[in-house]
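First the proteins, then the strands, lettered A, B, ... as listed; each starts at 1. The figures here come from the full heavy-atom set of this structure, side chains too, leaving out hydrogens, waters and symmetry mates.
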Number of protein chains: 2
Amino acid sequence: MARIRPVPAASRQTVTESVYQALRRDIITLRHRPGASLTEAELAAAYGSSRVPVREACRRLQQEGLLTAIPYKGYFVSQISSREIADCFDLREVLETGAVRRAVELVTPGEIRDLEKLAQVEYTYHDWDSYAEFLEHNREFHVCLAALGGNDRLVGVLDDLLGTMQRFFFLGLDLGDFGTQMRHEHECLVNALRSRSADEAVTCIREQIAASRRRIQRALVRDGIPLPLELDAPH
Amino acid sequence: MARIRPVPAASRQTVTESVYQALRRDIITLRHRPGASLTEAELAAAYGSSRVPVREACRRLQQEGLLTAIPYKGYFVSQISSREIADCFDLREVLETGAVRRAVELVTPGEIRDLEKLAQVEYTYHDWDSYAEFLEHNREFHVCLAALGGNDRLVGVLDDLLGTMQRFFFLGLDLGDFGTQMRHEHECLVNALRSRSADEAVTCIREQIAASRRRIQRALVRDGIPLPLELDAPH
DNA sequence: CGTATACACATTGTATACAATCCTGCCGTG
DNA sequence: CACGGCAGGATTGTATACAATGTGTATACG
């Protein structure tokens, strides 16, 4: 079906892996607030393992941009700044438009049908758990779309990026019921692909990203304060 | 001067860091052949440390794409496939053109002067050591150029990508004396920036990347297609 | 009272020992 | 001869113990 997804290599259920996933989930769902301080010992106790797997998990999350490590000091959950958000959205636009320009040339009817299935997902407003599931499917859709461009390296980068951005999306979803709207956006993209119109697809992606950006801006404003969340706290 | 360069945070001279740099150097300079098998114990002995720092270094290199890890089996130096090369070049084009489109709007005269200095570097044909130095400076130039676009996240991704690609470049440099040519290409880019012409800059980048791609293709053909190239083993 | 210095504490960095896993090849059995 | 189980070795995965580092604090001294 829809391409490789680098490797399931690391998905062998090892302690490191489970700590990584648990910790990542807790950061993305904002259980660990941006700016919060974490130590290896603390996390090891919390997730029931020794420091070694915790360490590896933290290194990965650091690489992804969700954590910041300060030697001999500890780890800190990355702040959500408007600058960071803007950077992520801009990069996403660059990557996705780049990929889709190739995709319209390479895509096959079968792949379009597969993608169409992925586009169907929605979420239930106010159901916190369904947000997480929806976001995973959404990520899957965009990654598979990009994969149609045939550049595995680019797909990997986008996958990482969307992983980081999940934290932002979480803020936006609870603001209203955008499920049908987002599904419509996805279908719009699939149609553009079907007619092999690069310009149409690019426009569609741009609008989609702009809409997502607006949602998050609104959520940030609503949750009190412009951003960043509790910035400048450590004085 | 030329922007932040995320952090020198990890550059505190720790064992992990020195192993990482040494191992990375040996992979990029093809001392470890593509496809070669490496074990943690072996590397620990070779670089004079315990397995833990080796492990962390390998994880980082894996993330960068220079190593592939197979659980309970070992690590393998990533192959250089023409597909991989094409992907990297395409992604690079997407990132750099994306960045420079912003850069022409934001760049200041002072930054242009700084960049001009970085553009001056060349290398000495057939001097293996000077290749490495040149490639570092070349990377610095392109990263700083991208940084002018103001998207730190994008810069980070590009930095990683160029790091991986150094291995390819190594092949191309020894093929002839392209030092002056490449310097000219850099200056061309600086001029485009000065006249704030996005189209000119993009064209320039495209040509530059195409030229680089051709050099490497030629090198691969010369060295007998399907890599690897033999290397002077340490015996 | 201000400043510098030494010391203690918290945290990560590193080493070593042991457990889990996977592959290979042997050997027995049908 | 083919096939399956089983044991041995190699390698990573994990836990624990110890060293290095950096930061803040208390204390002595000017």
Side-chain angles (χ1 to χ4, degrees), chain A residues 6-24 26-27 32-33 35-78 232-235, chain B residues 6-24 26-27 32-79:
Chain A
V7 227
S11 68
R12 272 175 180 82
Q13 201 52 9
T14 172
V15 176
T16 298
E17 187 63 22
S18 72
V19 169
Y20 167 77
Q21 287 176 357
L23 181 52
R24 181 171 177 282
D26 289 343
I27 293 175
H32 294 303
R33 300 298 301 262
S37 163
L38 305 171
T39 72
E40 292 179 1
E42 189 180 302
L43 292 171
Y47 295 100
S49 78
S50 80
R51 272 181 52 212
V52 178
V54 168
R55 215 180 147 74
E56 273 196 39
C58 287
R59 284 335 233 266
R60 269 211 260 170
L61 292 165
Q62 180 189 1
Q63 221 295 339
E64 288 178 33
L66 288 173
L67 285 181
T68 304
I70 299 184
Y72 301 106
K73 194 89 188 296
Y75 296 84
F76 297 87
V77 180
S78 299
D232 307 325
H235 280 321
Chain B
V7 225
S11 68
R12 274 175 180 81
Q13 202 53 9
T14 172
V15 176
T16 298
E17 186 63 21
S18 72
V19 169
Y20 167 76
Q21 286 176 357
L23 181 51
R24 183 171 175 283
D26 289 343
I27 293 174
H32 293 303
R33 294 172 29 187
S37 163
L38 304 171
T39 73
E40 292 179 0
E42 190 179 301
L43 292 171
Y47 295 101
S49 77
S50 81
R51 271 180 52 212
V52 179
V54 167
R55 216 179 147 73
E56 272 196 39
C58 287
R59 285 335 235 266
R60 269 211 260 173
L61 292 166
Q62 180 188 1
Q63 221 293 342
E64 289 179 32
L66 287 174
L67 285 181
T68 304
I70 299 184
Y72 301 107
K73 195 89 188 297
Y75 296 84
F76 297 86
V77 181
S78 298
Q79 290 286 0

To the side chain of [X], which of [options] is closest?
X: B:V15; options: C:dT12, C:dT14, D:dT14; result: C:dT14
X: B:P53; options: D:dG13, C:dT14, C:dT12; result: C:dT14
X: A:R59; options: C:dA15, D:dT14, C:dG13; result: C:dG13

Interatomic distance where [atom1] belongs to [X] and [atom2] belongs to [N] [whole Å]:
X: B:E42; N: D:dT12; atom1: CD; atom2: C1'; value: 14 Å
X: A:R51; N: D:dA20; atom1: CZ; atom2: P; value: 15 Å
X: B:E56; N: C:dG13; atom1: CD; atom2: P; value: 7 Å
X: A:E40; N: C:dT11; atom1: CD; atom2: P; value: 11 Å
X: A:K73; N: C:dT11; atom1: NZ; atom2: C1'; value: 10 Å
X: B:Y72; N: D:dT11; atom1: OH; atom2: P; value: 15 Å
X: B:F76; N: D:dT12; atom1: CZ; atom2: C1'; value: 12 Å
X: B:I70; N: C:dA20; atom1: CD1; atom2: C1'; value: 18 Å

Worksheet item: To the nearest 0.5 Å, how far apart are CZ in A:R55 and CD in A:Q62?
Response: 10.0 Å
Worksheet item: When rounded to the nearest 0.5 angstrom, what is the spacing between CG in A:L67 and CZ in A:R24?
Response: 11.5 Å
Worksheet item: Which residues pass the side-chain hydrogen bond (donor to acceptor under 3.5 Å, both in side chains) test with A:Y20, sequence neighbours left out?
Response: A:E64
Worksheet item: Do you know which of B:Q63, B:R59, B:E56 makes side chain to side chain contact (heavy atoms under 4.5 Å, CB included) with A:R59?
Response: B:E56
Worksheet item: Does B:T14 have a side-chain nitrogen or oxygen under 4.0 Å from the phosphate oxygens OP1 or OP2 of C:dT14?
Response: yes
Worksheet item: Side-chain N or O of A:R55 less than 4.0 angstrom from OP1 or OP2 on C:dG13?
Response: yes
